[in-house]
Amino acid sequence: MTTIGLMSDTHDKLDAVERAIDFFNQSGVRHVLHAGDLNSAFVVPLFSRLRARLHYVWGNNDGDQEMITARFKELGLPPPENFESLKLGGRRIALLHGTHPGIVEAVVRSGMYDVVVRGHTHRAKVTGRRPLVVNPGEVCGYLTGKETVALLDLVRLRVRIIEL
Ligand code: MN
């Protein structure tokens with residue numbers, strides 16, 4: 001399976017998180033990257049239903065990081081960081097929330113990645129080629145009224161934005 005799931009900015013919207021998990025389970029992806037701002041620790045146990053491996057980085061609205069980290073540990077997942085550098089399907093992928101535009105720009109220009117996955121703006125957006133920069137939009141739908149996730153084809157480096 002060379003397609004992975006992307007999501008961001010879930011902001012405690014439990015029913016939308018459930019829909020995102022259902023979608024990723026149905027699509028059969030083996031990895032899901034979450035670009036931050038899940039917000040509260042009570043959201044984390046929902047991800048026990050996710051069949052894919054979850055990769056999570058901190059957003060700027062994640063409240064009790066100690067509690068969130070404890071919940072991740074219960075799922076067998078490592079403590080989140082502010083930045084994750086992954087290699088999946090032979091592609092080098094950077095995962096960060098994107099709070100600071102200058103940091104996102106530096107990562108994009110570093111030449112170290114095929115794909116940069118970020119969130120924070122709540123706007124689904126795909127730009128660039130090398131690297132491909134992907135914002136899957138917001139799962140919560142609070143800002144745009146659209147609850148979105150994305151699928152990334154690692155072979156063709158194509159992104160599909162999906163409204164839940
Ligand atoms: Mn944010």
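Bear in mind the structure is a predicted one, so any value in this text is a computation, not a measurement. One-based numbering, in listed order, for ligands and for the atoms of each.
In this structure, N82 CG and T99 OG1 are separated by 8.0 Å, a value rounded to the nearest 0.5 Å. Atoms SG and CG, from C140 and L164 in turn, are 11.0 Å apart once rounded to the nearest 0.5 Å.
If you check the side chains of S8 and D37, you find no donor sitting under 3.5 Å from an acceptor. Defined by atom type and a distance below 3.5 Å, a donor-acceptor pair is missing between the side-chain atoms of H55 and H34. H97 and N60 share a side-chain donor-acceptor pair at under 3.5 Å.
For the Mn ion (ligand 1), the neighbouring protein N/O/S atoms at less than 2.8 Å, given as residue and atom, are D37 OD2, N60 OD1, H97 NE2, H120 ND1.
Sorted by first then second residue, the salt bridge (charged side-chain N to carboxylate O under 4.0 Å, His left out) pairs that include residues 129-158, not counting sequence neighbours, are K13-E147, R19-E147, D153-R156.
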